[in-house]
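Notes follow the structure.
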Amino acid sequence: MAEKLIIFDTTLRDGEQSPGASMTRDEKLRIARQLERLKVDVIEAGFAASSQGDFEAVKAIADAIKDSTVCSLSRANDRDISKAAEALKGANSARIHTFIATSALHMEKKLRMTPDQVFEQAVQSVRFAKNLVGDIEFSPEDGFRSDMDFLCRILEAVIREGATTINVPDTVGYAIPELYGDFIKTLRTRIPNSDKAIWSVHCHNDLGMAVANSLAGIKIGGARQIECTINGLGERAGNCALEEVVMAIKTRSDYFGLTVGIDTQQILAASRMVSQTTGFVVQPNKAVVGANAFAHASGIHQDGVLKARDTYEIMRAQDIGWSNNKIVLGKLSGRNAFKQRLQELGVDLQSEAEINGAFAKFKELADRKSDIFDEDILALVSEESHSNDKDTFNFVSLSQRSETGERPHASIVFNVNGTEVHSESDGNGPVDASLKAIEKHVQSGAEMVLYSVNAISGSTESQGEVTVRLQNSGRIVNGVGSDPDIVVASAKAYLSALNKIRSQAERVMAQG
Ligand code: KIV
Ligand code: ZN
């Protein structure tokens, strides 16, 4: 029987550290449920000690998830570890993942600690954690740039204290596949008790090699856990992409000789959910989940695929969750058909009130747009889950005037803490005028660092999905909005970003 590779998803922790990708507790819970449907082995739900919000998100996920192990990150100190254990109390299967930097550069410049102090702290932390939870993962941060002798010494000691998984991060994405594979192989060969732990890879994508490095860590190094995120979400250039490593292991099982427990048909739904929740758009030519991944544009390729699929396709689109029949619902579709489609898409709205809210939005949309695609339904549900009762700003209505040779003008109505306000402005274009009208009233002072529009289902009849990234007092947030009218979608995205600025509390980040 082929050996199993453990898939450890860190979208909700390392992925969320990407500036602008922060998610609310409810958004995280929704994604965690999708990760459970995807059958990932371990969900790293957050970093419980970093903020009250993170603590609550980890706790909610630990209480709700039954089939995957739920993990919390924690620095190597008793306070962080106790917080992680407390948040994980309700989990069926819990893991504490504790880390401390081990490279000379990080120890000296960031931690201002000697190697012996780092050694002591790592050992004591694993000992302390082991008394609270049986399943302990230890990561030497910046491991790949650490001194081999020191790493062997510290890893041998933490395994002796009961660490069950040893994760070797390439924190800054510096590795090259062969070197990273050999690095793990050397560690496993030199550390006498290395067989008492499962070895794990954790690669960042700064040089575009996170997936290749992770696969080398498996093939050459003999690691049996991969840490990854949906769509490769993560700080800077991101983390290793789950969809890519999983499909590589499956498609080339002849080479890797390993199995994964992932239900690959849930990959696309997970990708869309993460993209729509965070506002990080998936590029069209992205492997596995990009819109072009299975589109055979050239005539030669189309002809080949029609004659025999495997002339140009190495994976089946259906296996990743791409459905052939994309037009699903319309104006006459009833609540039951809507509810069933939600289930088929793996969207699990918790209460009747949530289903009713989403159905009302669906009816509104169906009045304006004849064909409702899966993407529309997912956008609508995502918007429904973004908004919550605590939101300060809510969109009501908008009118705008633009004409060749005239300066565009927008007039917008929105709610501020339940009170309707009206504001108007000119702008360079209708979108600019609308956002200026909002800003004129709110006066957030936030700087816009990104504005992007994407046609949800490809044509001009489609809904526009807009992402607005704002920076304010050193914090970055993304707002997402969708509507068939892209000016309205832009206003919704801007208001959603303002809501996030209001609600985002300070928190501690891993990795400096
Ligand atoms: O990249 C990294 O070093 C990490 C650790 C906290 C595991 O994410
Ligand atoms: Zn990382």
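Both ligands and their constituent atoms are indexed starting at 1 by order of listing.
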Taking D67 for the side chain and E36 for the main chain, is one N or O donor matched with an acceptor at less than 3.5 Å?
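Looks like no, no N/O pair under 3.5 Å.
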
Which ligand 1 atoms are under 4.0 Å away from a heavy-atom of [X]?
{"X": "P169", "value": "2 (C), 3 (O)"}
{"X": "S139", "value": "7 (C)"}
{"X": "H202", "value": "1 (O), 2 (C), 4 (C), 8 (O)"}
{"X": "H97", "value": "7 (C)"}
{"X": "T171", "value": "1 (O), 2 (C), 3 (O)"}
{"X": "H204", "value": "1 (O)"}

In terms of side-chain geometry, is the basic nitrogen of D26 or K28 positioned less than 4.0 Å from the acidic oxygen of its partner?
no

Validate the cation-pi geometry between R469 and F280: distance from NZ or CZ to the six-membered ring centre under 6.0 Å, angle to the ring axis within 45°.
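Yes, R469 sits over the ring of F280.
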
Compute whether any side-chain donor of one residue and acceptor of the other, for [X] and [Y], lie under 3.5 angstrom apart.
{"X": "R30", "Y": "Q34", "result": "no"}
{"X": "E227", "Y": "Q225", "result": "yes"}
{"X": "S200", "Y": "N167", "result": "yes"}
{"X": "S103", "Y": "D142", "result": "yes"}

Of all the atoms in E235, is at least one N, O or S atom closer to the Zn ion (ligand 2) than 2.8 Å?
no

Is there a polar contact, in the sense of an N or O pair closer than 3.5 Å, between [X] and ligand 1?
{"X": "E141", "value": "no"}
{"X": "D142", "value": "no"}
{"X": "D14", "value": "yes"}

What is the OD2(D14)-the Zn ion (ligand 2)-NE2(H204) angle, to the nearest 10 degrees?
100°

Test item: H202 and N239 side chains (from C-beta on) under 4.5 Å apart, heavy atoms:
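The answer is yes, as the side chains (C-beta and beyond) meet within the 4.5 Å cut-off.
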
Are H97 and T165 packed together at the side-chain level, in the sense that at least one heavy-atom pair is separated by less than 4.5 angstrom?
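Sidechains of T165 and H97: no contact.
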
Measure the distances from the heavy atoms of E227 to every atom of ligand 1 and state whether one is below 4.0 angstrom.
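Not so, E227 does not reach ligand 1.
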
Quick one: does R13 get a heavy atom under 4.0 Å from ligand 1?
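Yes.
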
Counting heavy atoms only, which part of H106 comes closer than 4.0 Å to ligand 1: side chain, backbone, both or neither?
neither

